[in-house]
Amino acid sequence: NYRTSIIAAVILVVCLAMWFVADSLHVEKKYNTNGEREKIVAINRNDLKSIEFENSDENFVLIRKDGKFTVDNRSTETDENAAAQLLDNILEIDGRLIQKSCSDTGTYGLDTPAAKVTYTENNGKKTVLALGSLTPAKTEYYLLNGDGSLYSIYMGKGNRLSTKRWQLMNTAVFGMSYEN
């Protein structure tokens, strides 16, 4: 019994010593180099007035009308479920910080971005994201935040930022039965 207590006490002292040593070795990181992801955009849907999409094919605006988001000037053709799903995917975007202020945008495909998205909140605040090229591993895109910060984001989020208007159209409006 006495021997077990001594062993437990020694183990406790060793664990505490290791914890103090590990805590003292904390290194301040300049950038998020270990791959941790952080929020780039976190906008509440209720605070959002519109989202403008610009890509190589077209430009369009997803705007709030009567509490729902529809393609501006095309509200009768907008698939509300597709619009809601798109909002869920792009209102909270996270990524891995690469640089705090990127000056060499050409290296990342940002001189002519693949897509540009502008979030406009009800208070008039705008957040602009520019989608660049794929990373060398081809699993993520480069993304430039309006404040100049360069991130890498997952490919799925990048694809959603380059949404086309036809992806939000309600095909039931155009559908007919075969006999007709």
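Positions are given from 1, in the same order as the sequence printed here.
In summary, of the residues considered (Phe60, Phe69, Phe53), a side chain to side chain contact (heavy atoms under 4.5 Å, CB included) with Leu168 occurs for Phe60 alone. Among Thr163, Leu161, Leu129, the single residue meeting the side chain to side chain contact (heavy atoms under 4.5 Å, CB included) criterion with Ile90 is Leu161.
Around atom CD of Gln167, more than 12 heavy atoms belonging to other residues, nucleotides or ligands sit under 6.0 Å away.
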Task: Criterion side-chain contact (heavy atoms from CB on, under 4.5 Å) on Asn170 and Asn81, from CA distance to verdict - done: CA-CA 9 Å; Asn170 185 349; Asn81 291 330; over 6 Å; no
TODO: Let me see the working for Glu77 and Val71 under side-chain contact (heavy atoms from CB on, under 4.5 Å), right down to the final yes or no.
DONE: CA-CA 8 Å; Glu77 298 172 6; Val71 176; over 6 Å; no
Task: Full working for side-chain contact (heavy atoms from CB on, under 4.5 Å) between Arg45 and Asp88 - done: CA-CA 8 Å; Arg45 183 182 292 201; Asp88 289 341; 2.4 Å; yes
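A continuous path of Ile, Leu, Val, Met, Phe, Trp and Tyr side chains, each step under 4.5 Å between heavy atoms, connects Leu143 with Leu134, placing both in one hydrophobic cluster. A continuous path of ILVMFWY side-chain contacts below 4.5 Å connects Leu87 to Leu131, so both sit in one hydrophobic cluster. If you chain together hydrophobic residues whose side chains sit under 4.5 Å apart, Val117 and Met155 fall into the same group. By the rule that hydrophobic residues join a cluster once side-chain heavy atoms approach within less than 4.5 Å of another member, Val128 and Tyr151 end up as members of separate clusters.
Minimum interatomic distance between Thr78 and Ala83 (heavy atoms only, all atoms of both residues): CG2-CB, 4.3 Å. Of all non-hydrogen atoms in Leu144 and Cys102, the two that sit nearest each other are CD1-CB, 4.0 Å. Ser162 approaches Asn55 most closely through the heavy-atom pair O-ND2, 3.9 Å. The two residues Asn89 and Arg160 come nearest to each other via the heavy atoms ND2-NE, 3.4 Å.
Considering only residues two or more places apart in sequence or on other chains, Asp57 meets the salt bridge (charged side-chain N to carboxylate O under 4.0 Å, His left out) condition with Lys164. With sequence neighbours left out, Asp104 forms a side chain to side chain donor-acceptor pair (under 3.5 Å) with Thr107. Partners of Val14 by side chain to side chain contact (heavy atoms under 4.5 Å, CB included), not counting sequence neighbours, listed by chain and number: Val10, Met18. Tyr142 pairs by the side chain to side chain donor-acceptor pair (under 3.5 Å) definition with nothing, not counting sequence neighbours. Under the side chain to side chain donor-acceptor pair (under 3.5 Å) criterion, Asn159 pairs with Tyr141, sequence neighbours left out.
The salt bridge (charged side-chain N to carboxylate O under 4.0 Å, His left out) analysis of residues 136-156, with sequence neighbours excluded, yields the pairs Arg37-Glu140.
Separation of atoms CG (Asn44) and CD (Glu92) is listed at 8.5 Å; rounding is to 0.5 Å. The CG atom of Leu48 sits 10.0 Å away from the CD1 atom of Ile63 when rounded to the nearest 0.5 Å. Atom CG in Asp47 sits 10.0 Å away from atom NZ in Lys125 (nearest 0.5 Å). One distance of note links CG of Asp94 with OH of Tyr154; it measures 7.0 Å at 0.5 Å rounding. Atom CG of Asn59 and atom OG1 of Thr118 lie 9.5 Å apart (nearest 0.5 Å). Rounded to the nearest 0.5 angstrom, Ser133 OG and Leu110 CG are separated by 7.0 Å.
Side-chain atoms of Ile43 and Glu121, non-hydrogen and from C-beta on, do get closer than 4.5 Å to each other.
Side chain of Ser50 to main chain of Leu62: no donor-acceptor pair is present (N/O by atom type, distance under 3.5 Å, no hydrogens or angles). When atom types are taken as modelled, the side chain of Glu80 and the backbone of Lys68 share no donor-acceptor pair closer than 3.5 angstrom.
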